[in-house]
Q: 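Below are the structure tokens for one structure; questions will follow.
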2 protein chains.
Amino acid sequence: MAVLSKDNGVALYAQVRETLRNRIANGSYQPGERLPPEEALTAEFGVSRMTVRQGILDLLDEGLLYRKRGIGTFIAQRHVHRDHNRLTTFFDSAASENFEAKIEVLKQEVSLARHLVARSLNILEGEPVFHIKTLRFADGLPITLHDEFIPYKLCPDMLHYDFTQVLSWEALERCGFRVKQAVQKIEAIAADEKTAKLLETEIGDPLLYKERTVVGEDGTPLEFALCYNRGDRYSLTTTLTR
Amino acid sequence: MAVLSKDNGVALYAQVRETLRNRIANGSYQPGERLPPEEALTAEFGVSRMTVRQGILDLLDEGLLYRKRGIGTFIAQRHVHRDHNRLTTFFDSAASENFEAKIEVLKQEVSLARHLVARSLNILEGEPVFHIKTLRFADGLPITLHDEFIPYKLCPDMLHYDFTQVLSWEALERCGFRVKQAVQKIEAIAADEKTAKLLETEIGDPLLYKERTVVGEDGTPLEFALCYNRGDRYSLTTTLTR
DNA sequence: CTTATCCGGTTGTCTATACAACATAATTCT
DNA sequence: AGAATTATGTTGTATAGACAACCGGATAAG
């Protein structure tokens, strides 16, 4: 059953990991069942124990397996949403949740960072930032009002993109900044007049409000965004770990 | 500078990890700076490279470091909230955010699981569940209305706890179920009459609504909770990774 | 029968070594 | 000078082996 190839460019531990993942997915290993011990897998795959281990530990982090020292490794029970805090774009969501995405650009300019923006982006108050205000539609209905701020110095040619098609992240990546992580503060607020009008809802209606800071590989803040989401058309799922 | 002790029960890689963490925290290593290469740390700490590596990789997962193959390991820029999706109890939050916590128990009974509850807990509709309804106060002001459901079979003596003092998780742990992960769906809704009255707010005011499923080590659902949080007094922060 | 001890199986930690892959800088060749 | 090659430093992957820590059951002692 050892089907690992030595020279296809894929690391052995990754092949082990994916093989195990498949066996769990297709039911060869059932939830609650014990995985063969590391030694057995070592023999089966013909790799060293540390290599098997590295594959297993990956799945452990994903919550697909759990281990008990001195006892064994077990396949976890599957539950509804697993791993739902991945960073995705609006268009990604549209594809996976199967709705038609449209973006309308309301504003696209260079302005000066006010306090909240500057603090979140870790720049000085008054430094120039791109300010991109968009309205996002799912299946033609307005869902989210988006206010994004990106430090000017990161990507000076940002003004020339068409943000109905290209997302700010793609623009950032073209400037050499890989988006890695985002921190969001979430609350429920009431719609004010302007926002209500744009989102085609009533004043006082509940909105899911997010303040999001996006950072790159090295932890540098790349983007700060304020998102006003219609409460009746938007929900989000997160996973917490102890 | 090698200050690792071989026999204090703490794993060497953990000691390496914490030493590095301290150096980052106290500024010995500055953000953006390059960490000494693995070989150097190997020499300094007097442990093998794999051991140093294990410590470094932990910090990598936390986002405190980042690496570039062929180049080196670097200290990440610090940004506002890091690692804010840890699972904490109400009392934990009270301690860390420095408010006075109080819990009022409105209901504590055994009932039969209705559809949503059964599906979330992966049990059959009509199976007995504990239903614990509580109102939570911060500094004397109501913040959250909590509706928790726990499968009866998991912990039959759950009824006898005093839920103003003991949290359901602690009760679960005494029954041998360690809480490991939670998945939350979050939306913004308007307060209905009953909820508004309990939270001392107005009908229609925005609430942050959460549906939370808590699972144990093996992925078994342990608890399902509906949480109605006052929008003006509650916010939450999550981290997403790509 | 109960308790204590031992033993075997399993995961956790650690070592020492080797080579591959990658990025940058230095060198050499054209 | 410019381009190709080489050298060097760094992280990534992989091996083989060793002992520690832990758990559960079997065995032995009381």
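Chain naming here is simple, since letters A, B, ... match the order of the sequence lines and numbering starts at 1 in each.
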Q: Return yes when atom CG of B/N98 has more than 12 non-hydrogen atoms of other residues, nucleotides or ligands closer than 6.0 Å, and no otherwise.
A: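 No, not enclosed.
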Q: Within a radius of less than 6.0 Å around OH of A/Y152, do more than 12 heavy atoms belonging to other residues, nucleotides or ligands occur?
A: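 Incorrect, the count does not exceed 12.
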Q: Without decimals, in angstroms, what is the distance between B/Y66 OH and D/dT11 C1'?
A: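 After rounding, the reported distance stands at 15 Å.
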Q: Output the rounded distance in Å from CZ (B/F45) to C1' (C/dC14).
A: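 Whole-Å distance recorded here is 16 Å.
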Q: What integer distance in Å separates A/R67:CZ from D/dA21:P?
A: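 Going from CZ in A/R67 over to P in D/dA21 covers 18 Å.
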Q: Under 30°, 30 to 60°, or over 60°: which ring-plane class applies to A/F74 and A/Y66, parallel, tilted or perpendicular?
A: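 Aromatic pair A/F74/A/Y66 classed parallel.
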Q: Whole-Å distance between D/dA16 P and A/E38 CD?
A: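 Computing the A/E38:CD to D/dA16:P distance gives 15 Å.
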Q: Can you measure A/E39 atom CD to D/dA18 atom P for me and round it to whole angstrom units?
A: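 For the pair A/E39 CD and D/dA18 P, the rounded distance is 12 Å.
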Q: Quick one: does A/E127's side chain get under 4.5 Å of A/L121's, heavy atoms only?
A: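 When only atoms from C-beta onward are counted, A/L121 and A/E127 do not touch, as no gap falls below 4.5 Å.
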Q: Which ones in residues 48-57 of chain B lie close to DNA chain D, meaning a heavy atom under 4.0 Å from one of its atoms?
A: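 Close to the strand are B/R49, B/M50, B/R53.
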Q: Just the atom pairs and distances: protein N or O near nucleotides 7-9 of chain C's N or O, under 3.5 Å.
A:
residue : atom : partner : partner atom : Å
C/dG9   : N2   : A/G70   : O            : 3.0

Q: Would you call A/V183 and A/V215 a side-chain contact if the rule is heavy atoms closer than 4.5 Å?
A: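 When only atoms from C-beta onward are counted, A/V215 and A/V183 do not touch, as no gap falls below 4.5 Å.
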Q: Just by distance, no angles: are the side chains of B/T42 and B/R49 close enough, under 3.5 Å, to form a donor-acceptor pair?
A: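 Not at all, the side chains of B/T42 and B/R49 share no donor-acceptor pair under 3.5 Å.
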Q: Taking NZ, NE, NH1 and NH2 as the nitrogens, is one of them in B/R114 or B/E125 under 4.0 Å from a carboxylate oxygen of the other?
A: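 Not counted as a salt bridge, because no side-chain N and carboxylate O are separated by less than 4.0 Å.
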Q: Rounding to a whole Å, what distance do you find between A/E33:CD and C/dT10:C1'?
A: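 Going from A/E33 (CD) to C/dT10 (C1'), I get 17 Å.
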Q: Are side-chain heavy atoms of A/Q181 and A/E217 found at a separation under 4.5 Å?
A: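 A side-chain contact is absent here, since even the closest heavy-atom pair is not under 4.5 Å.
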Q: Rounded to whole angstroms, how far apart are CZ on B/R17 and C1' on C/dC14?
A: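 From B/R17 CZ to C/dC14 C1': 15 Å.
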Q: To the side chain of B/Y13, which of D/dT11, C/dC14, D/dT13 is closest?
A: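 Closest nucleotide among those given: C/dC14.
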Q: Can you find a heavy atom in the side chain of B/L64 that is under 4.5 Å from one in the side chain of B/R21?
A: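 Of all side-chain heavy-atom pairs linking B/R21 with B/L64, at least one is under 4.5 Å.
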Q: Output the rounded distance in Å from CG (A/L60) to P (C/dT10).
A: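 The answer, rounded to whole Å, is 17 Å.
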